[in-house]
Amino acid sequence: MAMGPPTSPSMRTKTPRNLNRAKCSQCQARSKTGRCGLVCEYPVVGQTRKQTLEESISTLEKRIRELERAEPDDDSVKLYDPSSYLSTSSSPVATSSSSPSSRNSLLFDSATPEPSLFVTAVQEDPEVPTALEQQLLQVFVPHARTFGFFLNINRFVTNLSLPQTVGDYYRPCAALLCVVYLIGLHLYGASEDEESAFLSRALSHLSHVLSSTHPLRLLHGTQAEILLSTYFFRTGRILEAKHHLSSAVSLATCAGLHRLRSGSTSSFSPGLVGIAESSLPLPKDVIDEGERINGFWTTFTLCNCWGVGVGGFSSMVFESYGSHIDTPWPLDMEDYEENRMPTTYCGASTIRNFLTQAPLQWNEPSKTAMFAQSSLLLERAANLASSYTSELHPDEHLRYMKTFTSLDALIDSFYALLPLFSQTPVSSPNFVIIWATHLIIRVANIKLHNVFAASIPFSQKKTLHLAEECVELVLGIDLSNAEVNPIFGMLWTIIGQTIIEEIIRIDSLIQTALLSAWGMEELEVGRRVKVVALLNELFQTMELFAVQSKIIGVFIFLSNIPYT
């Protein structure tokens with residue numbers, strides 16, 4: 001794939017829950033033109049969101065009291081297989097975008113466990129009763145990694161059965177538990193009221209995470225914020241998602257996760273205002289330490305991807321004010337479980353050292369590390385592309401092209417070392433992360449060359465070739481049982497825009513050929529048919545996963561292109 005650098009410069013989406021809310025004039029105008037799938041987020045006049053949630057909770061409590069007065073048929077506690085709910089959808093997971101009437105109520109259905117078990121589900125104590133806890137965890141665990149869960153999932157589930165004791169951090173903190181149960185409810189397909197009630201409690205606990213006494217509150221708070229951010233991105237609530245991802249970055253920095261196993265003596269990171277204590281207790285074993293390393297790189301990766309997708313933040317914040325990222329590249333969780341992390345494993349200026357390697361040389365890096373590295377290259381490519389203008393001074397242009405050439409070579413080198421995607425079955429737990437890595441590194445190169453695609457044939461051909469590869473990665477693969485991270489919507493949008501630009505270019509050539517009688521129109525028309533078919537294939541894939549993630553549907557809407 002290595003190539004030389006240039007030498008010179010309508011799809012429908014599921015109806016959102018709040019469609020019937022009041023809209024401002026601007027949103028109404030956008031709705032009429034089909035230009036935006038977003039809706040207003042402000043509350044109905046006279047009632048704040050907090051009041052709405054409190055009313056929902058009050059209704060839940062009233063219903064629970066009614067159920068408690070009812071005589072149960074027997075004293076047994078009934079458990080139900082969550083897969084019976086999941087199998088009713090064409091998607092591998094249930095979605096929260098279904099109509100309330102079509103959903104299975106987790107708390108209020110007559111077939112659920114005895115009513116008294118659910119009293120604490122809407123109270124301050126996040127320790128949901130065992131029967132409900134098991135149901136929610138059964139739903140959450142298979143999808144934990146997709147939501148950005150970086151803790152050891154087996155240890156996490158095991159530790160839930162431990163009692164909460166002062167000074168003992170084995171049992172997860174309350175905020176993290178609340179968010180996990182919330183996502184379990186979301187995937188289960190619970191009613192809007194039930195999900196809103198759990199969301200309210202999760203937000204309440206998370207707002208007090210720093211004042212809690214849990215020794216791992218910074219690490220668990222970071223994990224909770226990442227889960228909640230992905231939940232909001234998945235449900236199309238972008239502003240809230242950005243807020244919680246920014247909070248995850250702040251907590252990770254406060255915990256010093258960017259300076260773990262540092263081999264540097266010059267790294268500096270100022271404490272955050274208002275945070276008196278920023279250290280974590282010493283890790284008790286390799287898995288404990290691996291969770292912290294992977295926690296940083298998960299935050300770093302999502303920050304890069306969403307920074308490119310929706311703006312507002314960058315992983316470079318970890319290297320501001322003279323601080324360096326010294327945490328070594330992450331291993332996969334099974335490497336920590338098998339004690340494969342060397343005692344001498346350390347890092348120093350990890351990002352800077354990586355970016356100065358061209359070509360790259362490595363020996364089977366972890367899948368988690370490749371995911372993080374691809375996101376770094378995406379972020380740097382997008383930043384470099386955004387800094388280009390045709391009015392650069394000759395000296396500035398020379399420096400720009402030198403940086404461009406170096407980054408282009410690094411991306412090509414990284415691409416050449418990726419494991420073959422065709423060798424990863426859909427059933428593999430690594431399918432999504434490897435698929436994402438392949439998409440991200442190609443999109444990074446697309447972003448880099450898009451600057452010159454309109455004027456340089458080399459860049460135009462390269463971006464189109466990369467877009468074609470992204471679509472063809474999954475051709476012939478049954479994706480009905482697959483799932484994706486919400487960032488796929490952002491990646492597919494960039495890929496789609498590249499294909500659309502090619503269609504526009506071909507249309508221009510056809511028009512010119514017709515006017516000039518060149519006789520080229522038949523050749524270009526045939527090419528146009530192939531490119532439009534490629535775009536339709538991409539949109540079909542996006543539409544398949546828009547059922548899982550509303551934000552993918554939003555990206556389809558924002559594409560707003562009639563080439564179908």
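Here the structure is a predicted model, which means the values were calculated and not measured. Sequential numbering from 1 along the given sequence is applied to the chain's residues.
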### Task
Carefully, step by step, assess Phe232 and His243 under the rule ring pair (Phe, Tyr, Trp, His ring centres under 6.0 Å).
CA-CA 10 Å; Phe232 280 126; His243 167 74; 9.1 Å; no
#### Entry: ring pair (Phe, Tyr, Trp, His ring centres under 6.0 Å) assessment of Phe452 paired with Tyr388
CA-CA 10 Å; Phe452 304 112; Tyr388 179 81; 5.1 Å; yes
Show the nearest heavy-atom pair for residues [X] and [Y], with the distance to one decimal.
{"X": "Ala348", "Y": "Gly263", "answer": "CB-C, 4.2 Å"}
{"X": "Ala190", "Y": "Glu195", "answer": "O-OE1, 4.4 Å"}
{"X": "Gly295", "Y": "Leu257", "answer": "C-CD1, 4.4 Å"}
{"X": "His438", "Y": "Pro419", "answer": "NE2-O, 2.7 Å"}
{"X": "Ile411", "Y": "Ala381", "answer": "CD1-CB, 4.3 Å"}
{"X": "Leu219", "Y": "Glu291", "answer": "CD1-O, 4.5 Å"}

Using a 3.5 Å distance criterion without hydrogens, assess whether the side chain of [X] forms a donor-acceptor pair with backbone atoms of [Y].
{"X": "Ser246", "Y": "Lys242", "value": "yes"}
{"X": "Ser262", "Y": "Arg259", "value": "no"}
{"X": "Thr493", "Y": "Gly489", "value": "yes"}
{"X": "Tyr336", "Y": "Leu331", "value": "yes"}
{"X": "Ser459", "Y": "Ala453", "value": "no"}
{"X": "Ser406", "Y": "Thr403", "value": "no"}
{"X": "Glu537", "Y": "Val471", "value": "no"}
{"X": "Thr463", "Y": "Asn450", "value": "no"}
{"X": "Asp326", "Y": "Gly347", "value": "no"}

### Query
Is the distance between the ring centroids of His449 and Phe458 less than 6.0 Å?
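Centroid separation for His449 and Phe458: below 6.0 Å.
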### Query
Is the ring centre of Phe371 less than 6.0 Å from the ring centre of Trp297?
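Not under 6.0 Å, so no.
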### Query
Rounded to the nearest 0.5 Å, how far apart are CE of Met333 and CG of Asn152?
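Between Met333 CE and Asn152 CG, I get 5.0 Å after rounding to 0.5 Å.
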Once the angle between the rings of [X] and [Y] is folded into 0 to 90°, is it parallel (under 30°), tilted (30 to 60°) or perpendicular (over 60°)?
{"X": "Trp435", "Y": "Phe488", "value": "perpendicular"}
{"X": "Trp306", "Y": "Phe233", "value": "parallel"}
{"X": "Phe296", "Y": "Phe300", "value": "tilted"}

### Task
Please assess Asp412 against Lys462 for the test salt bridge (Lys or Arg N to Asp or Glu O under 4.0 Å), listing each intermediate value before the final yes or no.
CA-CA 12 Å; Asp412 283 345; Lys462 186 169 187 177; 3.3 Å; yes
Quick one: do [X] and [Y] make a salt bridge, cutoff under 4.0 Å?
{"X": "Asp285", "Y": "Arg155", "result": "yes"}
{"X": "Asp335", "Y": "Lys367", "result": "no"}
{"X": "Arg340", "Y": "Glu334", "result": "no"}

Between [X] and [Y], do the side chains contain an N or O donor and an N or O acceptor separated by less than 3.5 Å?
{"X": "Glu379", "Y": "Asn383", "answer": "yes"}
{"X": "Tyr415", "Y": "Arg442", "answer": "yes"}
{"X": "Asp332", "Y": "Thr368", "answer": "yes"}

### Message
Quick check on side-chain contact (heavy atoms from CB on, under 4.5 Å): which of Ile351, Leu376, Asn353 does Ile325 satisfy it with?
### Response
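Filter result, single survivor: Ile351.
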### Message
Name the residue from Leu245, Leu199, Ile183 that meets the side-chain contact (heavy atoms from CB on, under 4.5 Å) definition with Leu228.
### Response
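So the option named by the test is Leu199.
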### Message
Would Trp329 and Phe354 count as a ring pair (Phe, Tyr, Trp, His ring centres under 6.0 Å) here? Give the steps.
### Response
CA-CA 10 Å; Trp329 292 112; Phe354 174 80; 5.5 Å; yes
### Query
Is there a side-chain contact between Ile440 and Ile487, using heavy atoms and a 4.5 Å cut-off?
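A side-chain contact exists here, since the closest heavy-atom pair is under 4.5 Å.
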### Message
I need the single residue from Phe149, Phe156, Tyr181 that forms a ring pair (Phe, Tyr, Trp, His ring centres under 6.0 Å) with Phe140. Which is it?
### Response
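Only match with Phe140 under ring pair (Phe, Tyr, Trp, His ring centres under 6.0 Å): Phe149.
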### Query
In this structure, which one of Glu502, His465, Glu501 forms a side chain to side chain donor-acceptor pair (under 3.5 Å) with Gln460?
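The single option meeting the side chain to side chain donor-acceptor pair (under 3.5 Å) with Gln460 is Glu502.
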